[in-house]
Amino acid sequence: NAGVTQTPKFRILKIGQSMTLQCTQDMNHNYMYWYRQDPGMGLKLIYYSVGAGITDKGEVPNGYNVSRSTTEDFPLRLELAAPSQTSVYFCASRDVKFNNEQFFGPGTRLTVL
Amino acid sequence: GQQVMQIPQYQHVQEGEDFTTYCNSSTTLSNIQWYKQRPGGHPVFLIQLVKSGEVKKQKRLTFQFGEAKKNSSLHITATQTTDVGTYFCAGIITGTASKLTFGTGTRLQVTL
C-alpha cells in the first residue's frame, strides 16, 4: 500500500491564482481530512469527508473548497490565493474500523506571494 | 470554542532526562490519541486511549487518560535524540465522532 499520497510537494502561487491540491489513499478509508499547519503551530481542520459524496466544513474553511467523488480521492481547491494561505497542507485518512488511527500524507508546502 | 491545550509549548532536555507533556480539553473526550511529528515530517500515530484512567506503555513512553476524560499525559523516560519532534494529542470530542481536535503541540528538543 502507498498509504496517503499528496501532490505537489511544493508550490509557489501568486496572489489571486487558483490551484488544486491532490490527495489519494489506497486503504479504502471512508473518512478523509484536510489540515493546514502554519510554522510552529498545530493542525487546523479545513474540511473533512465521511464518505464519497459527503463533505463538511472544519475549523477554517474560508477560501477553500473540496469534493469527494470517489473513496480514494479528496482534492482541495484554493480559489483566489492569498498570502494568509501560505502554509503546509496535510491530507489524512482515518481507519475507523480498527483504532481510529489517522494516516497522514507527506504534505504540500504552499507559498503565496 | 472547544479547545485542546498542551503544556509546555517547548521543552529542551539533555539526553537521558525524562520528559512529560500534558494535554487538557475544555470538554469531555470520547478518546484521546497521540501523534509525533519529526521536523519537516508529517504526524505519525502513536497510540489511542479510550477508557477513563487508562494507562498504556510503549517501551520508554507512558500514556495516561484522565479519570474525567478531559486530560491526558505522555511521559518519556530517559529521552534519546531520536525522541526529538513535536508531540500532539488529539481528541474526539463527545458528540463529534467524525473529527479529531488536535492539541497545540509540545516541541521536544534533546541534546547530548
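Note that the coordinates shown come from a computational prediction; the quantities given were computed from them, not determined experimentally. Labels below follow one simple rule: chain letters A, B, ... track the order of the sequence lines, proteins then strands, and each chain is numbered from 1.
Of the listed residues B:T86, B:T104, B:L100, the one with more heavy-atom pairs under 4.5 angstrom with chain A than any other is B:L100.
In this structure, A:F90 and B:Q37 approach most closely via the heavy-atom pair CZ-NE2, 3.6 Å.
Contacts of B:Q9 with chain A are absent, with no heavy-atom separation under 4.5 Å from either backbone or side chain. A:Y35 touches chain B through its side chain: at least one heavy atom from C-beta onward sits under 4.5 Å away, while N, CA, C and O do not. For B:I92, the part lying near chain A is the side chain, with the backbone staying farther off; criterion is any non-hydrogen pair under 4.5 Å. With a threshold of 4.5 angstrom between heavy atoms, A:L45 approaches chain B through side-chain atoms but not through N, CA, C or O.
Residues A:L43 and A:Y89 do not share a hydrophobic cluster, clusters being chains of Ile/Leu/Val/Met/Phe/Trp/Tyr side chains in contact below 4.5 Å. B:Y22 and B:L49 fall into different hydrophobic clusters, where Ile, Leu, Val, Met, Phe, Trp and Tyr are joined by side-chain heavy atoms under 4.5 Å apart, directly or via other members. Connection of A:V66 to A:I54 is not established within any shared hydrophobic cluster, with ILVMFWY side chains joined at heavy-atom distances below 4.5 Å, either directly or through further cluster members. Using a 4.5 Å cut-off between side-chain heavy atoms of Ile, Leu, Val, Met, Phe, Trp and Tyr, with links allowed through other members, B:V84 and B:Y87 fall into the same hydrophobic cluster. Note: the hydrophobic cluster containing A:V88 also contains A:Y48 (ILVMFWY, side chain heavy atoms under 4.5 Å, direct or indirect links).
Within a 6.0 Å radius of CE in A:M41, other residues, nucleotides and ligands contribute 12 heavy atoms or fewer. Counting non-hydrogen atoms of other residues, nucleotides and ligands closer than 6.0 Å to NZ of B:K36 gives a total above 12.
In this structure, the side chains of B:Q33 and A:E101 stay at 4.5 Å or more apart for every pair of heavy atoms. A heavy-atom distance below 4.5 Å is not found between the side chains of A:E59 and B:F102. In this structure the side chain of B:Y35 reaches within 4.5 angstrom of the side chain of A:F104, judged on heavy atoms. Using a 4.5 Å heavy-atom cutoff, the side chains of A:N100 and B:F45 are not in contact. Contact of the A:Y33 side chain with the B:K99 side chain is registered, since non-hydrogen atoms from C-beta on lie closer than 4.5 Å.
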